[in-house]
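To keep things clear, I will list the structure first and then write my remarks on it.
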Amino acid sequence: MKQQKLLSLIRQAIEEYHMLEDGDRVAVGVSGGKDSLTLLYAMRQLQRFYPKNFELSAITCNVGFEGMDFTGVSDFCDSLKIPYEQVDTKIAEIVFQENPEIRPCSLCAKLRKGAMYKRLAELGINKIAYAHNKDDFIETALMSLIYEGRFYAFPPMTVLPEAGVTVIRPMMYVPEKGVANFVVEQGIQIVKNACPVDGSTKREYARQLMEQINRETPGAKDRMMHAIVKGRFSDWPG
């Protein structure tokens, strides 16, 4: 995916759901993976010409897995002249040693968000941008149908008054394959995920199932995304 197309899709989402306002202080949640680093790069480029002025920074929640090194992320932020914050935690220990009977992904996500929101409040940042892409939206909807018996997808924007922050998802129209191509073209170095359950989660199952469906029924992903966007969920803006 070319940079112009990437920025166009991100700007489309931002403008359709009014994700940015003048004076916003936005932090990109950076895991070190291809999606979050692509979003960080794109938001920096967008910042140069977008009509609404906003501050931009990056934040990483280090959950404490052995071998996770975010030096490359820090260097990447330096190259973009973006302030970078790393929140060190013991979440890995809490999830896998102290609470092994609880589903690790949901508990880890809850603790990571709590740690980041606390730090964002201390920094006076009012919006955090997550790098959920188009495929993530579709897979989440599929998972909700299979495992929860309901139709749900990530909202493009979520106001969290108790945390004092608003979550935005500017990459909702960007396909995962486009992100993968962009990272290769730009030479962006990603951080390998050291989570022991990476690649064996319910989300990975949904991802493989959706790929099979789309192979057997071409265009299925696009039609599902259309249904998600037009679904008028109660927690979606607009």
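In this text the structure is predicted, and so the values were computed from the model without any measurement. Numbers here simply count residues along the sequence, with the first being 1.
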Full working for side chain to side chain contact (heavy atoms under 4.5 Å, CB included) between Arg169 and Asn133
CA-CA 8 Å; Arg169 295 180 169 91; Asn133 60 45; over 6 Å; no

Would you name the heavy atoms of [X] and [Y] that are closest together and state the gap between them?
| X | Y | value |
| --- | --- | --- |
| Met19 | Asp24 | O-OD2, 3.9 Å |
| Arg203 | Met143 | CA-SD, 3.6 Å |
| Ser144 | Arg150 | OG-O, 2.8 Å |
| Ala13 | Met172 | CB-CG, 3.7 Å |
| Val26 | Ala129 | CG1-CB, 4.3 Å |
| Met171 | Ala131 | CE-O, 3.7 Å |

Heavy atoms from other residues, nucleotides or ligands near [atom1] of [X] exceed 12 (cutoff 6.0 Å):
| X | atom1 | answer |
| --- | --- | --- |
| Gln4 | CD | no |
| Glu66 | CD | no |
| Gln86 | CD | yes |
| Lys52 | NZ | yes |

Salt bridge or not for Glu176 and Arg207, using N-O below 4.0 Å?
no

Quick test of your reading of the model: are Asp222 and Lys134 salt-bridged, counting only N-O distances below 4.0 Å?
yes

Pair Tyr147, Tyr205 - check side chain to side chain contact (heavy atoms under 4.5 Å, CB included), show working.
CA-CA 12 Å; Tyr147 298 113; Tyr205 169 74; 3.3 Å; yes

Mind checking whether [X] and [Y] sit in one hydrophobic cluster, side chains of I, L, V, M, F, W, Y counted as touching below 4.5 Å?
| X | Y | answer |
| --- | --- | --- |
| Val174 | Met210 | yes |
| Leu9 | Ile168 | yes |
| Val165 | Tyr130 | yes |
| Met157 | Ile125 | no |
| Met43 | Ile188 | yes |

Is any side-chain heavy atom of [X] closer than 4.5 Å to a side-chain heavy atom of [Y]?
| X | Y | answer |
| --- | --- | --- |
| Tyr84 | Phe70 | yes |
| Ile59 | Val87 | yes |
| Tyr50 | Glu15 | yes |
| Lys2 | Glu185 | yes |

Applying side chain to side chain contact (heavy atoms under 4.5 Å, CB included) to Ile190 and Leu37, what does each step give before you reach the verdict?
CA-CA 8 Å; Ile190 65 173; Leu37 292 175; 4.2 Å; yes

How far apart are the C-alpha atoms of Leu80 and Gln45, what are their side-chain angles, what is the distance that settles it, and do they pass the side chain to side chain contact (heavy atoms under 4.5 Å, CB included) test?
CA-CA 9 Å; Leu80 295 173; Gln45 306 312 312; 4.3 Å; yes

Would Gln212 and Gln208 count as having a side-chain donor-acceptor pair, cut-off 3.5 Å?
no

With ring centroids as reference points, do Tyr41 and Phe182 lie under 6.0 angstrom apart?
yes

Test log, rule side-chain hydrogen bond (donor to acceptor under 3.5 Å, both in side chains), inputs Glu162 and Tyr117:
CA-CA 10 Å; Glu162 69 282 1; Tyr117 295 163; over 6 Å; no

Using the rule side chain to side chain contact (heavy atoms under 4.5 Å, CB included), only one of Val167, Val28, Thr166 pairs with Ile128; which is it?
Val167

